[in-house]
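Below: the structure, in structure tokens.
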Amino acid sequence: MSERVNLFGIELDAVTMRQAVDTITQWTDHGSCRLRFVVTPNVDHTVLLQENKQLRDAYSDAELVLADGWPVVWASRMLKKAVPQRVPGSDLVPNIFSAAKTDNPLRTFLLGAAPGVARRAANKIKNRYQGVNICGTYSPPMGFENDDAENYKIIDLVNRSNAQLLILGLGAPKQELWIHRHRHELQADVAICAGATIDFLAGEKSRAPQWMQQTGLEWAHRILTDPKRLARRYAKDAIVFPQMMLKEWMHPSRRQKTVVG
Ligand code: UDP
């Protein structure tokens, strides 16, 4: 059972990293006749979601909604709807890998990142996590999401790999919209929308130093390492997010209790 708090129109699961890992591990251990998917909202996702109904629909069907960024956790505390801690996708995935059992390796498919990156991530994962079996990788071409043949190919690849866990590294909102659209065609137990996690696992991109992650400055590291792509996006977020906080403070959304898992 997990409490959910409604913040900015998103139902966030108030869980710790440990609880999220245990829940997902239970789902993959026991198997399921339907795919459950996990999203990890950061500030940018919460801003995107305000004007994107499809993304809101995807979020409302997600089985776990985990606060990825410190600003989302801070906002939840300031608005008296506290989630216990940050559960970023790029930490969640390695934690699930660490918890996987060596006598029954977790069959995992890596979907996304630039050509070759997922395969490099697979090699590193193989050396580092004995409980994980990377049963497939694929980097779809640009625009794949609008190409039926390509979508069919990906679904077939994932299903034939017999993956229990699907990691999506396609960026937001593409990964959330894609998994929401195709969730009934996929046979994996769990899918995690994990952004740049495959890049991090491959060593293609570097995470911010621990002190920056712990003090809520990871966004600054990301801007510095990818200014062309992120500066304009973060500037917009810096204007819109405080307005969203003010609105939420003046018109708080209802607090809810929901059963998860
Ligand atoms: N990506 C992809 N296919 C696409 C678009 C993006 O594989 O059509 C990958 C890209 O190579 C990178 C990741 O998605 O590995 C972007 O993750 P990030 O979290 O930086 O994206 P954001 O959610 O911040 O846009």
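Both backbone and side-chain heavy atoms feed into the values below; hydrogens, waters and symmetry mates do not. Indexing begins at 1, ligand by ligand and atom by atom, following the structure's order.
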Closer than 4.0 angstrom, basic N to acidic O: yes or no for D189 and R34? no
All N/O donor-acceptor pairs, side-chain side in residues 103-128, below 3.5 Å, sequence neighbours left out:
{"residue": "R107", "atom": "NE", "partner": "S161", "partner atom": "O", "Å": "3.4"}
{"residue": "R107", "atom": "NE", "partner": "N162", "partner atom": "O", "Å": "3.2"}
{"residue": "R107", "atom": "NH2", "partner": "S161", "partner atom": "O", "Å": "2.5"}
{"residue": "T108", "atom": "OG1", "partner": "L106", "partner atom": "O", "Å": "3.1"}
{"residue": "R120", "atom": "NH2", "partner": "E204", "partner atom": "OE1", "Å": "2.7"}
{"residue": "K124", "atom": "NZ", "partner": "A202", "partner atom": "O", "Å": "3.1"}
{"residue": "N127", "atom": "ND2", "partner": "N123", "partner atom": "O", "Å": "3.3"}

Cationic N near anionic O, under 4.0 Å, R181 to E145: no
Which pairs, with at least one residue in residues 41-97 and sequence neighbours excluded, count as a ring pair (Phe, Tyr, Trp, His ring centres under 6.0 Å)? W70-W74, F97-Y129
By chain and number, the residues contacting ligand 1 below 4.0 angstrom (heavy atoms only) are G112, A113, A114, M142, G169, L170, G171, A172, K174, G195, A196, D199, K205, R222, R229, R233
List the atom pairs, donor and acceptor, that lie under 3.5 Å between side-chain atoms in residues 229-246 and the rest of the protein, sequence neighbours left out.
{"residue": "R229", "atom": "NE", "partner": "D226", "partner atom": "OD2", "Å": "2.9"}
{"residue": "K236", "atom": "NZ", "partner": "E51", "partner atom": "OE2", "Å": "3.0"}

Is it the case that over 12 heavy atoms from other parts of the model lie below 6.0 angstrom from the CZ atom of R56? yes
